[in-house]
Amino acid sequence: MATDYDAPRKTDDDLSEDSLEELKARRSDKSSGVVDEDETEAAEGFELPGADLSGEELSVRVLPQQANEFTCSRCFLVHHRSQLAYTTKDGQPVCTECAA
């Protein structure tokens, strides 16, 4: 919780002057009937009607590696030649992200 260091602080005398009714009112204001719910748990139990995708097949066009691209030997991602950091002794290329 953030603290406002410029605000005047209450002394022990001020704290003891708070009435019991005032303290009860503050407590009831802060506690509400809203319950925090985990979104992932709520989403797992929720199914969309007709959402059975078990019979679906995806068709994706895969392009072969281009002449100006390389596959990093550490992360196995295809990068543009401009992201080549160095080549190992074995001739394996390493991208700038893996070299960092």
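Starting from 1, each residue takes its place in the sequence as its number. Heavy atoms only: backbone and side chains are in, while hydrogens, waters and symmetry mates are out.
- Judged purely by atom type and a 3.5 angstrom limit, E57 has no side-chain atom pairing as donor or acceptor with the backbone of G55.
- R81 contributes no side-chain N or O that, together with a main-chain N or O of N68, makes up a donor-acceptor pair within less than 3.5 Å.
- Annotation: side chain of H79 is not in contact with side chain of L84 (no heavy-atom distance under 4.5 Å).
- Between C95 and F70, the closest side-chain pair of non-hydrogen atoms falls below 4.5 Å.
- No side-chain donor-acceptor contact under 3.5 Å links Q92 and T87.
- With a 6.0 Å radius and a threshold of 12 heavy atoms from other residues, nucleotides or ligands, E69 has its CD atom above the threshold.
- Contact check for V94 versus S73: side-chain heavy atoms found under the 4.5 Å cut-off.
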